[in-house]
A.B. asks: 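Encoded as structure tokens, here's the structure I'll be asking about.
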2 protein chains.
Amino acid sequence: MQSYAKKVSMSVVKRLPKYYRYLNDLSERGFEKISSKELADLMGLTASQIRQDLNSFGAYGQQGYGYKVEDLKNAIVKILGIDRPYNCVIIGAGNLGRAISHYEGFKNQGIRIKAMFDIDSQKVGKSRDGIPILHMDQLEEFLAGNNISIAILCVPRTIGQGTANRICKAGVKAIMNFVPLDLDVPEGVMVENVNITDSLFTLTYLLNE
Amino acid sequence: MQSYAKKVSMSVVKRLPKYYRYLNDLSERGFEKISSKELADLMGLTASQIRQDLNSFGAYGQQGYGYKVEDLKNAIVKILGIDRPYNCVIIGAGNLGRAISHYEGFKNQGIRIKAMFDIDSQKVGKSRDGIPILHMDQLEEFLAGNNISIAILCVPRTIGQGTANRICKAGVKAIMNFVPLDLDVPEGVMVENVNITDSLFTLTYLLNE
DNA sequence: TAGATTGTTAATCGATTAACAATC
DNA sequence: TAGATTGTTAATCGATTAACAATC
């Protein structure tokens, strides 16, 4: 739990994972220092913006020198909260749910998929890559008993909102929503939408410009 | 091909698919008219913003009355360019590629998945839901010969940029990128990123606020 | 010390909201 | 006509960029 004086804007927050990606990469490639100018060129931002962004959280650089890659990376890791693990569940063991359950990007990042849920008796009781598939009836019990902090929602559109209601009622505070639907959730519950159709239609728009 | 006098801002463009979703839903539910105020309440925007957004493209309402749902829906459909079909390919027939190949959100929307590509000899030559899985060696030939306008990229990170290069060289002008990597593409090629890891880390940030 | 680059304040730019005349 | 709601201009708010003093 961290708390910052200034309210950090969503624009900045949305850029944080990108900072993390680039700094992680620089660190892996053995870079020791980087200036805001160099990082800006790399990321397609301006040096000014990078300094403003970072200073929403604190002063991580050294005047006349720049930023130590490793230190800045670690700072971002802490800011993002990925210095600790998160217990997650995937709801809906269809193709998408299964794809996410072994998504390469999560590896070694503290995202722990504890279970998947479905109603299909063909799937329930089985296991995929060591992740058990449980029946939807067991959802509330599992969420309560396993310290689950993130629910990844991959159910059909028709039961999207209903399932979200169950998740929220069970006290889960974060939903990654793959259902092409804007969820209505109580105050304090975070929803991050990944809407593949919306993204595709943005693309068709841009194609016709 | 449409062309507008004023340059429409990305903020507006990103909201268009959402307008489409809501208007489609209203239309299906038999609503005939809607005011900017009513739509705003529904979508969590302001009436003013909706009127500004729509007026980037033209005047679709009637003073004193509001907007005819069907007409406005059709206008948005045209603006998004989804009044015509798009030939697409999915590159990478892993779990994610396969999930997207029968994603429910695309049904009846003119998104035609013409082929999937992979290097795995276990997969190549087979078919999934009528979509053939071809070898990566055939990519350029297929893109050129089948009027493909959108490539959906679901390959491993390591070959993401290389594959994007091949796509661009073949003349494809739109890439939906699921690879957790910022692609470097020539001027005029549209990239829409769906970065699941970035979204998840945004969520972990918000959880720790 | 001189040069470089940060942290931060001020200026600009763009997006959202408010207001209201036009008009259905 | 009177009431309602648009289209559009003006005002505000927020985010990005520029500038520069602080300082390593």
Side-chain angles (χ1 to χ4, degrees), chain A residues 4-19 22-23 26 31-76 79 202 205-206 209, chain B residues 4-19 22-23 26 31-76 79 202 205-206 209:
Chain A
Y4 306 106
K6 335 172 196 177
K7 174 75 191 145
V8 179
S9 81
M10 238 334 148
S11 322
V12 176
V13 172
K14 290 278 179 189
R15 277 193 293 271
L16 290 174
K18 186 171 175 177
Y19 284 118
Y22 279 84
L23 288 162
L26 284 165
F31 285 80
E32 211 172 87
K33 71 144 277 205
I34 193 149
S35 70
S36 56
K37 178 68 171 64
E38 289 164 332
L39 190 56
D41 290 344
L42 222 50
M43 294 180 65
L45 305 173
T46 65
S48 216
Q49 184 169 43
I50 287 181
R51 296 204 299 279
Q52 288 277 27
D53 283 358
L54 296 177
N55 279 95
S56 318
F57 303 100
Y60 300 108
Q62 285 164 255
Q63 272 137 324
Y65 174 81
Y67 299 85
K68 283 197 173 139
V69 170
E70 203 60 23
D71 290 358
L72 188 53
K73 190 196 99 179
N74 290 335
I76 302 266
I79 290 166
T202 302
Y205 171 85
L206 295 171
E209 245 182 332
Chain B
Y4 307 104
K6 333 173 195 176
K7 174 74 192 144
V8 179
S9 81
M10 236 338 145
S11 321
V12 177
V13 173
K14 290 278 180 189
R15 276 193 293 270
L16 289 173
K18 186 172 176 178
Y19 284 118
Y22 278 84
L23 287 163
L26 284 165
F31 285 81
E32 212 171 85
K33 71 146 276 205
I34 193 150
S35 71
S36 56
K37 178 67 170 64
E38 289 164 332
L39 190 56
D41 290 345
L42 222 49
M43 294 180 65
L45 304 173
T46 66
S48 215
Q49 183 169 44
I50 287 181
R51 295 204 301 278
Q52 289 277 27
D53 283 359
L54 296 178
N55 279 94
S56 318
F57 303 100
Y60 299 109
Q62 286 166 255
Q63 272 138 326
Y65 175 82
Y67 299 85
K68 283 197 174 138
V69 170
E70 203 60 22
D71 290 358
L72 188 54
K73 190 197 99 179
N74 290 335
I76 303 266
I79 291 166
T202 302
Y205 171 84
L206 294 171
E209 244 181 330

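FYI, side chains are in, hydrogens and waters are out, and symmetry mates aren't considered; it's all heavy atoms of this structure. All chains are named by letter (A, B, ...) in the order of the sequence lines, taking the proteins before the strands, and each is independently numbered beginning at 1. Worth saying up front: this structure is predicted, and the values here are computed from it rather than measured.
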A.B. asks: Please test A/K33 against A/Q62 for side-chain contact (heavy atoms from CB on, under 4.5 Å), starting from the C-alpha separation and ending with a verdict.
C.D. replies: CA-CA 10 Å; A/K33 71 144 277 205; A/Q62 285 164 255; over 6 Å; no
A.B. asks: What verdict does the side-chain contact (heavy atoms from CB on, under 4.5 Å) test give for A/Y67 and A/L26, after you've listed the backbone C-alpha separation in whole Å, the side-chain angles of each residue and the deciding distance to 0.1 Å?
C.D. replies: CA-CA 12 Å; A/Y67 299 85; A/L26 284 165; over 6 Å; no
A.B. asks: Rounded to whole angstrom units, what separation is found between the CG atom of B/L72 and the P atom of D/dT5?
C.D. replies: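 Going from B/L72 (CG) to D/dT5 (P), I get 16 Å.
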A.B. asks: Can you give one letter per nucleotide of nucleotides 11-21 of chain D, 5' to 3': B if a protein heavy atom sits under 4.0 Å from the base, S if only from the sugar-phosphate, - if neither?
C.D. replies: ----SSBBBB-
A.B. asks: Would you tabulate the side-chain donor-acceptor contacts of residues 38-51 of chain B under 3.5 Å, counting partners in other chains and residues two or more places apart, or write 'none'?
C.D. replies:
residue	atom	partner	partner atom	Å
B/E38	OE1	B/S35	N	2.8
B/E38	OE1	B/S35	OG	3.4
B/D41	OD1	B/K37	NZ	3.4
B/D41	OD2	B/K37	NZ	2.9
B/T46	OG1	B/Q49	N	3.1
B/R51	NH1	B/S36	OG	3.0

A.B. asks: Measure the spacing between OG of B/S11 and CD of B/Q52 and express it to the nearest 0.5 Å.
C.D. replies: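 It comes to 12.5 Å.
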A.B. asks: Under 3.5 Å for both pairing distances: what stems, at least three Watson-Crick or G-U pairs long, include DNA chain D?
C.D. replies: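 Looking at DNA chain D, the stems formed by three or more consecutive pairs are C:3-24 with D:3-24.
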A.B. asks: Does a side-chain N or O of A/Y65 approach OP1 or OP2 of C/dG7 to a distance below 4.0 Å, or not?
C.D. replies: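 So the side-chain polar atoms of A/Y65 never come under 4.0 Å of the phosphate oxygens OP1 or OP2 of C/dG7.
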A.B. asks: Can you measure B/K68 atom NZ to D/dT6 atom C1' for me and round it to whole angstrom units?
C.D. replies: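 For the pair B/K68 NZ and D/dT6 C1', the rounded distance is 14 Å.
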A.B. asks: Please report the C-alpha distance between A/L54 and A/I76 in whole Å, then the side-chain angles of each, then the deciding distance to 0.1 Å, and finally whether the side-chain contact (heavy atoms from CB on, under 4.5 Å) criterion is met.
C.D. replies: CA-CA 9 Å; A/L54 296 177; A/I76 302 266; 4.0 Å; yes
A.B. asks: If you measure from CG on B/L16 to OH on B/Y19, what distance do you get to the nearest 0.5 Å?
C.D. replies: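 Reported to 0.5 Å precision, the distance equals 8.0 Å.
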A.B. asks: Side-chain N or O of B/S36 versus OP1/OP2 of D/dT6: is the shortest distance under 4.0 Å?
C.D. replies: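 B/S36 to D/dT6 OP1/OP2: side-chain N or O found under 4.0 Å.
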A.B. asks: How long is the line joining OH of B/Y67 and C1' of D/dT5, in whole Å?
C.D. replies: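 From B/Y67 OH to D/dT5 C1': 9 Å.
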